[in-house]
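First up is the structure itself, then whatever we jot down about it.
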Amino acid sequence: MNIFKMIHQDIHKLVHRVFPSVTEATLARISVEPPRDASHGDMATNAAMILSKEAGKPPRAVAEMLIEGLKDIPGVTGAEIAGPGFINISLKPEAFKLIVPHVLETGARHFGDSDLGQKVPVNIEYVSANPTGPLTVGHARGAIVGDATANLLAKAGFAVNREYYINDSGKQVEVLTDSVTLRIREVQGENIGEIPAGFYPGEYLKDVAKAYVEKNGNDISDRQKIRAFAIEYLINEIKIDLAEMGVKHDMFVSEAKILGDGEVESALQALTEQGLIYQGVLEPPKGKAPEDWEPREQTLFRSTQFGDDVDRPLKKSDGSSTYFANDIAHFYHMYKHGYQRLTCVVGADHGGYVKRAKAAVKAMSAGKAELHMPLVAIVHVTENGNPVRMSKRAGTFITLRDMLERVGAGVMRFIMLTRESGQTLEFDYARVTEQSKDNPYFYVQYAHARCCSVMKHATNMFGALPDDVLARTNLAPLQRDEEMALIKLIATFPRVVEQAAAAEEPHRIAYFAESVAAGFHAWWNKGRDDGTLRFLIEGDKDLSMARIALVRSVAVTIAAALGVIGVVPLQELRSEVEVAA
RNA sequence: GGCUCCGUAGCUCAACUGGAUAGAGCACCUGCCUUCUAAGCAGGCGGUUGCAGGUUCGACUCCUGCCGGAGUCGCCA
C-alpha cells in the first residue's frame with residue numbers, strides 16, 4: 001500500500017480528463033511527494049508547473065483548472081495553490097491511518113514490497129574479490145552495499161540474481177601459485193628468507209601451504225594441483241567470511257570456466273559481426289607518455305562509438321585475451337542467460353573502467369542490455385579518530401575478519417550503509433560500538449528495543465496482542481500531532497523503497513530507519529512531560545490499544561528497513577536478544 | 001595532461017535524480033529523570049552549497065570554464 005502512488009494515479013486520471021491531449025512524456029514528469037515543510041500539507045504536486053508549457057498558460061492558472069477536481073479525490077480534504085504553482089494537498093487522517101493495519105498485516109518481511117520491478121531479471125555482481133587472499137574492509141563495504149542493493153531490488157519487485165565472479169585465471173593466480181609453492185617449501189623446513197618482490201607476502205599463505213601438505217604431502221611438482229588447491233582454499237575462506245556477515249550469493253561464476261568454454265570467442269564474434277573490432281595502433285596517453293611507449297598494432301574494440309574515450313585493446317601481445325576481453329565474455333555470458341539489466345558493484349579504483357564496460361555491454365547486446373557500475377569508495381578505519389594500523393598478517397590491509405571480530409556483523413552492515421557508496425567512509429571502532437545516539441546503529445536498535453519494551457508492558461496489562469488482532473484496533477483515538485507524524489512517516493516507506501531501488505542507493509533505507517527511530521524517541525520522551533501522551537493510559541483501553549497498534553507498527557517498520565540492510569532487530573540491548581523471524 | 005568520483009554549518013554527512021525557507025548528528029550554550037531504559041528528548045547558535053558564468057517558472061542537483069582533493073591512465077585484475 002503506497003498512499004502516494006494512489007494519489008498519484010488519481011492525479012494522472014484527473015490531468016487526462018482536464019487536458020485530454022497531454023503527452024506521456026509530460027505526464028511522466030508529474031510527481032507527488034511529501035513536502036519538506038509539514039505546514040504545506042500532506043502532499044504536494046508539481047503538475048501545474050509541468051503542464052504549464054503544453055497548456056500555454058501560467059502555472060497558477062493551470063493549477064486553478066485542476067484544483068476542484070483534486071478536491072473530489074477520495075481522502076482529500078483540501079487543495080491549495082502555493083508558491084510558483086505547487087498544489088498542496090491535505091488528506092484525511094483516516095487515509096494515513098490505513099497504513100497501520102496494513103503494516104501489521106503484511107509484517108516486517110513484506111512491508112514496503114513493490115511491483116516496480118515487474119519481475120524483470122537483474123543480475124547483480126558484488127564482492128568478486130580475487131581468490132588470492134582474505135577479504136579486506138574494502139571488500140566488506142562492497143559486499144554490504146551489493147547485498148543490500150540486491151535486497152532492495154528484490155523488495156522492489158525485480159527478479160534478482162546475486163553473482164560472485166571468481167577471477168580464477170590470469171597473472172594474479174600464477175603469482176598466488178608461486179607464493180604458495182614458496183610457503184610449502186617453508187613449511188617443509190626450508191629457510192626461504194624474505195619474501196621476494198612479485199610474491200604475495202601475506203602470512204595467511206602459510207595456512208594454505210600447511211593444509212596443502214597435510215592433504216597432498218610434500219610434492220610440489222604439480223603446479224596445477226597447487227593452484228587449484230589454493231584457489232579452492234581461499235574461496236572457501238571468503239565464503240566463510242561472507243556467511244558470517246550474512247552476505248548471500250546465488251551463484252559463483254568461474255572466469256576460468258568461461259574462458260574454457262570459449263565464451264570469449266563467441267562474445268568477440270558478436271562484436272566482429274557488427275564491425276566493432278579492428279587491428280589498429282593506439283595513440284599514447286595524452287600528456288603522460290610513458291618512456292617505454294612504442295606504437296604497437298593490436299586488436300581493438302571500437303568503444304569510442306559507445307561513449308568511451310579511446311578504443312580498447314582485447315588481445316595481449318602474446319595473443320591471449322586482456323582482462324577487458326574476458327569481462328566482455330562474462331557480461332555476454334550473463335546476457336545470454338537472460339539478464340538485460342546488469343549491475344556490477346566495484347571499488348573506486350575501477351573508475352576509469354566504467355565507460356568501456358558500459359560500452360561493451362551496449363555493443364554486445366545490440367543496445368538491449370544496460371550495465372550499472374556503482375563505485376564503492378574506500379573505508380578509513382579509525383579508533384577515536386586515529387588511524388588503525390594495518391594487519392601484518394594479511395600483508396597490507398585490515399581484514400574483514402578483524403573488523404567482524406571487533407564489532408560484529410550488524411554494526412558493520414548498518415554503518416557501511418550510512419554513507420552514499422561513492423563517499424569515503426570513516427569507520428571509527430570507538431564510535432560504532434558505543435551506546436549513544438552518536439552511533440546510528442545503536443540509535444535505531446534502541447528505538448526497536450523500546451517498542452518491544454512497551455509491548456511487554458502492554459501484554460502484561462491486556463494479555464497476548466498478536467499483530468492480526470492489533471490490525472483490527474480502532475485507531476480513531478490517535479489524534480495527537482506526534483502520533484500523526486509517525487503514521488505519516490511510516491506511510492512513506494513504500495515510496496522510499498521504490499526511490500532507493502530506482503537509484504540503487506541502499507543508504508537511503510538506513511536514513512529512513514534513523515528518521516523513524518528519531519520520531520519514536522521523540523514521542524516516547526513527550527510522554528515524560530505530558531502524561532496524556534504515554535502509551536499505556538490507565539482506564540482508557542481504547543486509546544492505549546490504538547497506541548499499542550502504532551508502537552507495534554513502528555517496530556515492524558524498523559524491522560522491515562533493517563531487513564533490507566540485513567541487520568537483525570534487537571528486542572533488548574542489554575542481553576542482545578534477537579527477535580525471532 | 002586525459003578520464004572518473006568528490007567538494008554542502010567549525011567537524012562527520014543528508015537533501016526524495018530540477019522543487020518551496022538547504023536538513024540531521026557531533027561540538028558549543030539552555031532546559032527536562034519520585035512516571036514504560038535520561039543509552040534519551042526539547043530549544044538555541046551556526047551557510048554566498050569551492051569560484052565564475054549559463055540553461056528556466058525554479059539549480060546543491062543539469063551544461064561550460066576555472067580552483068582544490070582522491071582514484072585511474074596500452075600486454076594488472
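Reckoned from all heavy atoms, side chains included, excluding hydrogens, waters and symmetry mates. The chains referred to below are lettered A, B, ... by the order of the sequence lines, with proteins before strands, and numbering in each begins at 1.
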Polar-atom pairs under 3.5 Å, protein N or O versus N or O of nucleotides 24-34 of chain B: list them with distances, or write none.
| residue | atom | partner | partner atom | Å |
| --- | --- | --- | --- | --- |
| B:C26 | OP1 | A:Lys437 | NZ | 3.3 |

Point to revise | Any side-chain donor near an acceptor of the partner, A:Glu263 and A:His333, under 3.5 Å | key: yes
Point to revise | Interatomic distance where CG belongs to A:Leu533 and P belongs to B:A42 [whole Å] | key: 13 Å
Point to revise | Donor-acceptor pair between A:Glu255 and A:Asn326 side chains, under 3.5 angstrom | key: yes
Check your understanding: Of the nucleotides B:U37, B:A14, B:A77, which has the atom closest to the A:Tyr446 side chain?
Key -> B:U37
Review point. Hey, what's the ring geometry for A:Phe252 with A:Tyr164, parallel, tilted or perpendicular (30° and 60° as the breaks)?
Key: parallel
Review point. Of the candidate nucleotides B:A77, B:U35, B:U37, which contains the atom at the shortest distance from the side chain of A:Arg534?
Key: B:U35
Practice item. Using a 4.0 Å heavy-atom cut-off across all strands, classify A:Pro313 as base, sugar-phosphate, or nothing. Key: sugar-phosphate
Check your understanding: When we call it a touch if two heavy atoms are under 4.0 Å apart, what does A:Ala522 touch: a base, just sugar-phosphate, or nothing?
Key -> sugar-phosphate
Exercise for review: Measure the acute angle between the ring planes of A:Phe442 and A:Tyr446, then classify it against the limits of 30° and 60° as parallel, tilted or perpendicular.
Suggested key: parallel
Got a list of side-chain donor-acceptor pairs under 3.5 Å for residues 351-362 of chain A, not counting sequence neighbours?
| residue | atom | partner | partner atom | Å |
| --- | --- | --- | --- | --- |
| A:Tyr353 | OH | A:Asp327 | OD2 | 3.0 |
| A:Lys355 | NZ | A:Asp309 | OD1 | 3.1 |
| A:Arg356 | NH2 | A:Gly352 | O | 3.3 |

Point to revise | Over 12 non-hydrogen atoms of neighbours within 6.0 angstrom of CD in A:Glu80 | key: no
Revision key, fill the gap. Of B:G74, B:C41, B:C5, the nucleotide closest to the side chain of A:Arg296 is B:G74
Practice item. Please confirm whether any donor atom in the side chain of A:Asp327 sits under 3.5 Å from an acceptor in the base of B:A77, or the reverse. Key: no
Point to revise | Contact under 4.0 Å: A:Lys355 side-chain N or O vs B:C3 OP1/OP2 | key: no
Review point. Please give, in whole Å, the distance from B:A20 C1' to A:Ile81 CD1?
Key: 15 Å
**Study point:** Heavy atoms of other groups near A:Glu294 CD, more than 12 under 6.0 Å
**Key:** no
Review point. With a non-hydrogen cut-off below 4.0 angstrom, is A:Ala458 in contact with a base, only sugar-phosphate, or nothing?
Key: nothing
**Study point:** Nearest listed nucleotide, side chain of A:Ser453, among B:C36, B:C5, B:U17
**Key:** B:C36
Check your understanding: Reckon A:Arg508 touches a base, only the sugar-phosphate, or nothing at all at heavy-atom distances under 4.0 Å?
Key -> sugar-phosphate
Review point. Contact class for A:Ala44 (heavy atom, under 4.0 Å): base, sugar-phosphate, or nothing?
Key: base
Check your understanding: Does A:Lys316 have a side-chain nitrogen or oxygen under 4.0 Å from the phosphate oxygens OP1 or OP2 of B:A77?
Key -> yes
Review point. Quick one: is the NZ or CZ of A:Arg547 closer than 6.0 Å to the six-membered ring centre of A:Phe535, and within 45° of its axis?
Key: no
Exercise for review: Going 5' to 3' through nucleotides 6-13 of chain B, assign each nucleotide B (protein heavy atom under 4.0 Å from a base atom), S (under 4.0 Å only from sugar-phosphate atoms) or - (no protein heavy atom that close).
Suggested key: SS----SS
Review point. So what does A:Glu482 hit on the nucleic acid, given a heavy-atom distance under 4.0 Å: a base, only sugar-phosphate, or nothing?
Key: nothing
Revision key, fill the gap. Dot-bracket for RNA chain B, 5' to 3', Watson-Crick and G-U pairs with both distances under 3.5 Å, [ ] for crossing pairs, | for partner on another strand, reads (((((((..((((.....[...)))).(((((.......))))).....(((((..]....))))))))))))....
Check your understanding: Which nucleotide in the set B:C3, B:C36, B:A77 lies at the smallest distance from any side-chain heavy atom of A:Asp309?
Key -> B:C3
Revision key, fill the gap. Winner on side-chain proximity to A:Phe442, out of B:A77, B:G74, B:G40, is B:G40
Output a table of donor-acceptor pairs, distance under 3.5 Å, between side-chain atoms of residues 53-60 of chain A and any protein atom two or more places apart or on a different chain; print 'none' if there are none.
| residue | atom | partner | partner atom | Å |
| --- | --- | --- | --- | --- |
| A:Glu54 | OE1 | A:Thr23 | N | 3.4 |
| A:Glu54 | OE2 | A:Thr23 | OG1 | 2.9 |
| A:Glu54 | OE2 | A:Thr26 | OG1 | 2.2 |
| A:Arg60 | NH1 | A:Gly83 | O | 2.6 |

Could you list, one pair per line, each protein nitrogen or oxygen that sits under 3.5 Å from a nitrogen or oxygen of nucleotides 60-68 of chain B, together with the distance?
none

Review point. Pick one for B:C41: is it syn, with its angle within 90° of 0, or anti?
Key: anti
Review point. With a 4.0 Å cut-off on heavy atoms, is A:Tyr443 in touch with a base, just the backbone sugar-phosphate, or nothing at all?
Key: sugar-phosphate
Check your understanding: Are A:Tyr278 and A:Asp311 close enough that a side-chain donor and a side-chain acceptor fall under 3.5 Å?
Key -> yes
Check your understanding: Between B:G74 atom P and A:Glu297 atom CD, what is the distance in whole Å?
Key -> 19 Å
Practice item. Check the distance between B:C73's P and A:Arg356's CZ and give it to me in whole angstrom. Key: 9 Å
Point to revise | Interatomic distance, A:Leu51 CG vs B:U56 P [rounded to whole Å] | key: 19 Å
Check your understanding: For atom CD of A:Glu297, is the number of surrounding heavy atoms from other residues, nucleotides or ligands below 6.0 Å larger than 12?
Key -> yes
Exercise for review: May I ask you to decide if A:Ala325's main-chain N or O and A:Thr322's side chain share a donor-acceptor pair within less than 3.5 Å?
Suggested key: yes
Review point. Between the side chains of A:Thr149 and A:Glu504, does any donor sit under 3.5 Å from an acceptor?
Key: no
Point to revise | Backbone of A:Leu570 reached by a side-chain donor or acceptor of A:His448 within 3.5 Å | key: yes
Check your understanding: Have A:Asp168 and A:Ser254 got a donor and an acceptor in their side chains that come within less than 3.5 Å?
Key -> yes
Exercise for review: Identify which nucleotide among B:A77, B:A14, B:U37 has an atom closest to any side-chain atom of A:His507, counting heavy atoms from C-beta outward.
Suggested key: B:A14
Practice item. Whole angstrom is fine here: how far is it from CG in A:Leu417 over to C1' in B:A14? Key: 15 Å
Check your understanding: Is A:Trp524 stacked on the base of B:G40 when the test is centres under 5.5 angstrom and planes under 30 degrees?
Key -> no
Check your understanding: Centroid-to-centroid, A:Phe427 to A:His380, below 6.0 Å?
Key -> no
Review point. Which nucleotide sits closest to the side chain of A:Lys171: B:A77, B:A42, B:A20?
Key: B:A77
